[in-house]
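If you're wondering where the values come from, they're calculated on a predicted model, not measured in any experiment. Remember, it's 1-based here, ligands and their atoms both numbered in the order they're listed.
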Amino acid sequence: MGTLTNTIFISAESIPEKFRISQPIEQREYLINGEMKIWSGNLNPVLSPVFLRHGSEFKQEIIGSTPLLTSTESLEALEAATNAYDLGKGVWPTMSVIQRIEHVENFLTAMRVKRDEVVTLLMWEIGKTLRDSEREFDRTCDYIVETIKAYKELDRNSAKFVDEQGFMAQIRRVPLGVSLCMGPYNYPLNETFTTLIPALIMGNTVVFKPAKYGVLLIRPLLDAFAKSFPAGVINIIYGRGRETVGALMETGKVDVFAFIGTNKGANELKRLHPKPHRLKAILGLDAKNPAIVLPDADLDNAVSECIAGSLSFNGQRCTALKILFVHESIVEEFIARFNYRVSQLKAGMPWEEGVSLTPLPEPGKVEYLKGLVEDATAHGARVVNENGGEYQHTFFYPAVLYPVNAKMRLYSEEQFGPVVPIVPFTSDDEPIDYVVNSNFGQQVSIFGTDSKRLARIMDAFVNQVGRINLNTQSQRGPDTFPFNGRKDSAEGTLSIADALRVFSIRTLVSIKNTEANKQILSTIIRNRESAFLSTDYIL
Ligand code: G3H
């Protein structure tokens, strides 16, 4: 433990009143078939990454507990979702678009009221800073608003008939069935909702299991879910993954598997489904996005972007820059400036003004990061920043490692934390080969000013990753941009519009273009005899 980390954790009295959790939240509620059930069985304690100082001692805060449901309850949730879908005949999948939108709007209104509660829990459960927690909440609300807009647009485009080679057809998007939605602990609200909301709005029914950490923060929204949707449309379960979710996949009744997490976890769960061809998977998985800093890069910009890219939320973003390739001609200068910027980052509790380095929520994470640093130093790297790798309990001060090479675990392993490996390179082919041979293929960031050189490197990556960022860090947003990845990094593409597509399939009604058939079509439309076949235009 170093002197710097010794001041991170504070006493309970030093926490501003409005961010305190007065007493542990014992959650026993879970939502099945529109009914808020109360669990009387075992509970799972929720440990905060925040330790509190009690005199000279430090104690990890237990901020509450959540139900440890078993496969019995989780299968009940699936049954509710299956019944609500009713083989596509249910009220929800057959409801008009405008009505489904109304339900989602009602949910959003009820959700907005819970902002403060959710934001406080985000800070306590996963250690996300106040600013970023607020951003996560607001971004999620915006995502819902934009999803509604995109759905209206989609519906408007489907209102017209296609006239092709003697056929007339109306093509619309319809739901796929029962979705299982699971999100990650680093964006337990936002990323979960980027699948959950599109799944619902398109008419699917859902079983939703909150992330490993960042679980209690869904509780303030349970009531809004219960009141905003018909019974069985959204079911929310808690418990250990293998026991609860594994049982669901084994039934073969899950039609869509939306999962943001590790590729190992996704593979294990997917494998349990007895009819893989009937399962549509939408996955956001591991990544090891590199930054490549060329000799002519604007160093101030490159350093700023690499700081944000590698250390926002302590490096716990799937899109984080997880390895920096810096040209050897500028690497010393880059490291000097980078280290200075690291030293300016404020460490502390998530609610503190201007803080950016905070404790880590995963148990064992500090030991894991220490292991990565030890392995790198054993193979010839040094921690080159002051205080780098100091730790206390759940807090780990960023360690900048240099020079990193292929023998080290940090070269290929996704650290998902505040350790920054820097690799010097001489030929542009070195980082290109790294990406080509990597198991991951999410994004890459290139920093430079020579257009010819940038273009060559960029072109080398277009068939390797989902997004190439020029002179900027890797990131998911704007949420209208396609977000995907290759290899072990993802399956399917998400964006506001793409998510509506991945949770639906196109169905069409087609006729041969005869007068008699056209008459039938006109009658159906004029008399509003069909919910599907209609030229109604949502404003
Ligand atoms: O953890 C992965 C997130 O989708 C990253 O999103 O780039 O907006 O932080 P972000």
Side-chain angles (χ1 to χ4, degrees), residues 122 125-144 146-147 181-198 210-214 217 258-263 265-266 282-291 304-323 350 356-358 360-362 365 414-418 440-445 465-499 502:
L122 269 167
E125 283 194 272
I126 60 163
K128 190 168 273 192
T129 63
L130 174 61
R131 205 169 68 128
D132 284 351
S133 297
E134 287 173 340
R135 270 194 198 146
E136 177 161 354
F137 189 93
D138 297 340
R139 178 180 181 182
T140 308
C141 293
D142 292 347
Y143 194 95
I144 299 175
E146 291 303 314
T147 297
C181 295
M182 296 169 72
Y185 80 80
N186 63 335
Y187 278 96
L189 183 76
N190 182 260
E191 287 228 275
T192 314
F193 279 41
T194 61
T195 63
L196 185 63
I197 296 296
K212 231 179 342 170
Y213 319 110
L217 61 90
F259 176 87
I260 319 279
T262 63
N263 76 83
I282 299 144
L283 311 175
L285 307 171
D286 326 49
K288 183 88 178 170
N289 297 342
S304 288
E305 293 290 322
C306 287
I307 286 282
S310 59
L311 291 172
S312 325
F313 192 34
N314 310 297
Q316 300 167 115
R317 291 162 59 226
C318 63
T319 46
L321 292 174
K322 299 198 177 95
I323 188 161
S356 45
L357 305 172
T358 53
L360 310 173
E362 280 181 291
K365 190 59 177 263
E414 181 185 22
Q415 66 271 42
F416 215 78
F440 307 116
Q442 194 198 61
Q443 298 190 20
V444 56
S445 289
V465 296
R467 173 165 167 172
I468 299 150
N469 303 282
L470 295 183
N471 293 319
T472 176
Q473 63 155 318
S474 298
Q475 59 197 319
R476 177 179 177 143
D479 287 329
T480 45
F481 281 10
F483 179 53
N484 60 18
R486 291 164 176 261
K487 304 180 196 168
D488 290 345
S489 284
E491 185 172 339
T493 298
L494 288 171
S495 77
I496 288 165
D498 285 300
V502 293

Quick one: CZ on F440 to CG on N263, what's the gap to the nearest 0.5 Å? 6.5 Å
Rounded to the nearest 0.5 Å, how far does OH of Y185 lie from CD of E191? 12.0 Å
Considering the options R467, Q443, Q442, Q473, which one meets the side chain to side chain donor-acceptor pair (under 3.5 Å) requirement together with N289? Q442
Search all heavy atoms of P188 against all heavy atoms of Y213 and return the closest pair with its distance. CB-O, 4.0 Å
Considering only heavy atoms, which protein residues lie less than 4.0 Å from any atom of ligand 1? R139, N186, Y187, E191, R317, C318, T319, Q475, R476, F483
Using only heavy-atom distances, determine whether the side chains of S445 and S474 contain a donor-acceptor pair under 3.5 Å. yes
Is R139 atom CZ crowded by more than 12 heavy atoms from other residues, nucleotides or ligands, each under 6.0 Å away? yes
